[in-house]
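Take a look at the structure set out below.
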Amino acid sequence: MLNIALPKGRLGEKVYELFEKAGYDCPSIKEKNRKLIFENKEKGISFFWVKPSDVSIYVERSAADIGVAGKDILLEYKPDVYELFDLGVGKCNMAVAAKKEFRDNGMRVLKVATKFTNIASDYYAGLGRDIDIIKLNGSIELAPILGLSDVIVDIVETGKTLKENNLEVKDIILPISARLIANKASFNFKREKIEKLISAIKGQVENSD
Amino acid sequence: MIDDSLMRFEEKVSYSLRSLYKKYGYLPYKMSKFEEYELYIRNKDFLVSDRVIAFNDTNGKLMALKPDVTLSIIKAGEDIKGVKQKVFYNENVYRVSESTHRFKEIMQTGLECIGDIDIYDIYEVITLAARSLAEISDDFYIEISNMDIVYFVISSVCDDKKFVSQVLKCISQKNAHDLKKICEEYSVEFGGYKKISSLISLYGEMGEVIEKIKEISDIPQTGDLITLSNLLCNTSLSERIKFDFSALNDINYYNGFVFRGFVKDVFCSVLSGGQYDNMMKKMNRKSSAVGFALYLDRIDDLNRQMPEFDVDYLLIYDNSTDVLKLSNKVNEITASGFTVSTQKSIPGKLRYKELIDLTKEG
């Protein structure tokens with residue numbers, strides 16, 4: 001049985017569609033009930049939904065053999081997993097945003113509010129910029145508005161929320177998309193099954209391009 | 001006589017490994033728990049975790065509880081032409097746990113072969129690594145890579161230090177999509193990208209991988225790879241040994257063959273090793289070296305069956321019980337090969353097969 005961890009939410013649903021089209025369907029996943037694990041014994045697969053930020057943990061610890069996680073999560077938590085394929089869905093940017101009128105003149109320590117403390121630290125360390133990190137768990141956009149921080153480092157999809165709050169993207173750190181990841185031990189013990197699945201998914205992604 | 005059933009799984013494994021290593025002339029290496037702190041600070045990237053428990057000795061010297069064994073073996077050895085130091089160890093080391101982020105005592109077993117190393121020694125060490133895993137489980141794999149081949153291929157395309165380091169990371173993640181982006185950033189031509197990305201698909205049966213390598217380009221180290229493959233194919237464990245060029249280690253310390261081992265039902269690698277001539281040079285040693293470490297704490301997940309009972313008999317007595325009668329009963333039970341716990345009342349969590357209440361017996 002190949003265990004697959006999918007991220008809860010819109011991205012996970014989109015990714016499941018890819019699996020379904022690639023022949024790895026599991027009809028029970030669409031039933032409305034409180035089940036946590038969905039199996040298709042005939043196809044030898046089982047799916048489960050987990051919090052997007054937890055997918056890499058399930059895969060790293062081999063509770064799931066493979067999973068789908070955003071590049072943001074992989075860069076932030078640095079799990080020891082194989083990153084086998086860019087699914088090309090869930091595209092967005094990890095960006096630095098601030099109030100429109102804000103200019104960083106480099107004269108003082110930059111206050112950065114973010115959920116992604118490692119990504120932000122690595123980015124500014126690369127620039128040699130001295131920063132003060134403020135770890136937040138949600139509503140990041142509020143921080144510069146209320147003067148809690150100078151800038152924020154966060155995922156920007158359409159930029160609509162930023163615009164409505166008089167904020168704008170100042171720099172793009174890197175583009176993000178969903179990646180198919182695999183546990184390194186599972187890759188050894190279930191290599192053929194994993195390779196077959198990846199090849200089917202790749203075919204599906206390439207067809208839709 | 002040691003009762004096997006009282007030993008934890010990793011203790012049993014550790015005993016069988018000692019006899020395995022001794023068979024091949026590896027001698028036990030015993031060392032102090034402490035080492036000078038400076039040794040680890042100078043070589044912190046070589047360590048699994050760069051944090052160590054430090055303390056001042058009575059003479060004021062800054063010392064550390066050992067987070068690693070290999071560095072101490074390198075430090076204590078000497079280079080004698082034609083001689084190989086073959087040692088194994090079974091030591092507790094002190095590291096920060098990856099899950100709790102607190103210091104943890106970890107039992108580590110490993111062996112080192114230091115001196116005038118040749119391809120036979122590398123083969124012997126890899127075979128012993130495979131046999132070590134076979135002591136843990138029948139279902140295991142060893143993945144072997146070669147740092148020199150990987151470096152040769154990458155640097156033949158672009159030898160920029162940052163480029164090499166980013167590419168090594170992508171290869172270790174089997175990440176072809178980000179590798180492509182990096183190659184584009186460094187204006188590497190498509191042919192160069194194809195050459196490097198082919199390293200990602202270099203995994204599988206040894207013979208199969210050798211054929212793929214021959215297609216990449218004329219790589220000088222291919223001869224060693226073929227010799228090693230021929231030697232390993234001659235062993236009973238050959239089906240369990242693969243080449244996988246994503247199994248990489250820090251290029252600043254490791255060179256040549258590197259390898260890691262997995263056993264079924266353990267989520268991460270339980271064995272890691274390779275040639276570390278670069279580390280030897282950093283520590284002013286002239287010899288070559290190859291070795292591996294087996295992380296016994298990681299096999300804790302295996303063989304977790306709980307015995308049904310803690311003791312066979314629970315013997316209840318009180319202050320009015322004749323002590324001689326109690327003692328005779330205990331002797332009778334233990335002489336029959338059963339286990340017994342004497343208590344004045346029934347402990348809530350103790351699981352026992354049979355209860356004997358001496359307070360109710362006349």
Side-chain angles (χ1 to χ4, degrees), chain A residues 1 3 5 56-75 77-91 122 126 172-192 194-195 198-199 201-202 205-206 209, chain B residues 48 98-99 133 136-145 162 165-166 169-182 184-185 197 200-201 203-205 208 239-249 259-272 295 298-299 301-302:
Chain A
M1 189 68 79
N3 296 318
S56 63
I57 301 169
Y58 277 83
V59 174
E60 187 181 30
R61 292 263 172 174
S62 83
D65 301 305
I66 60 169
V68 173
K71 184 69 182 173
D72 51 326
I73 300 298
L74 300 176
L75 286 171
Y77 298 107
K78 300 183 172 73
D80 187 18
V81 294
Y82 286 139
E83 195 183 313
L84 298 174
F85 187 56
D86 184 350
L87 292 165
V89 292
K91 284 184 178 174
D122 289 348
I172 288 177
I173 298 180
L174 80 158
I176 304 288
S177 57
R179 310 292 167 96
L180 189 71
I181 59 172
N183 174 272
K184 289 187 173 180
S186 299
F187 193 82
N188 265 303
F189 295 100
K190 299 182 180 180
R191 182 184 143 189
E192 275 174 32
I194 294 175
E195 282 183 332
I198 288 166
S199 153
I201 298 277
K202 263 187 187 172
V205 172
E206 279 157 13
D209 280 348
Chain B
V48 176
E98 283 161 15
S99 55
L133 296 180
I136 298 169
S137 166
D138 294 335
D139 208 351
F140 72 89
Y141 282 108
I142 291 256
E143 293 176 341
I144 304 170
S145 173
K162 203 173 164 198
S165 136
Q166 288 180 339
K169 196 175 166 197
C170 285
I171 294 169
S172 72
Q173 295 174 335
K174 295 192 188 292
N175 181 343
H177 40 276
D178 285 340
L179 175 66
K180 197 173 180 189
K181 280 182 206 155
I182 293 164
E184 281 165 6
E185 274 170 35
S197 70
I200 292 176
S201 57
Y203 63 86
E205 306 303 321
E208 208 179 280
E239 277 179 17
R240 298 274 154 198
I241 303 172
K242 297 175 184 178
F243 284 148
D244 187 330
F245 278 68
S246 66
L248 299 177
N249 227 322
F259 50 92
R260 63 185 178 201
F262 295 91
V263 292
K264 198 166 167 49
D265 297 327
V266 178
F267 71 88
C268 56
S269 62
V270 296
L271 183 144
S272 168
Y295 306 107
R298 295 183 185 172
I299 61 169
D301 279 351
L302 300 171

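You'll find the side chain of B:N175 stays beyond 4.5 Å of the side chain of B:L179, heavy atoms only. Side-chain contact check for B:L271 versus B:Y295: every heavy-atom pair is 4.5 Å or farther apart.
Aromatic rings of B:F262 and B:Y141 (six-membered ring for Trp) have centroids beyond the 6.0 Å cut-off, not under it.
Comment: B:K169 does not engage B:D178 in a salt bridge, judged by the lack of any side-chain N to carboxylate O separation of less than 4.0 angstrom. Salt-bridge formation is detected for the pair B:K174/B:D244: a Lys NZ or Arg NE/NH1/NH2 atom is positioned less than 4.0 Å from an Asp or Glu carboxylate oxygen. Remark: A:R191 engages A:E195 in a salt bridge, criterion side-chain N to carboxylate O under 4.0 Å. Look at B:K242 and B:E143 and you find no salt bridge, because none of the NZ, NE, NH1 or NH2 atoms lies under 4.0 Å from a carboxylate O.
Counted by atom type alone, B:S246 and B:Y203 present zero donor-acceptor pairs between their side chains at under 3.5 Å.
With B:R260 contributing its side chain and B:V270 its backbone, the two residues share no donor-acceptor pair below 3.5 Å.
By number of non-hydrogen pairs under 4.5 angstrom with chain B, the leading residue of A:Y82, A:F187, A:F85 is A:Y82.
Contacts between residues 61-72 of chain A and chain B, counted as heavy-atom pairs separated by less than 4.5 Å, involve A:R61, A:S62, A:K71. For residues 176-185 of chain A, heavy-atom neighbours of chain B at less than 4.5 Å comprise A:R179, A:N183, A:K184, A:A185, sorted by residue number.
To the nearest 0.5 Å, the span separating CG on A:D86 from NZ on A:K91 amounts to 7.0 Å.
In this structure, chain B has no heavy atom under 4.5 Å from any part of A:V59.
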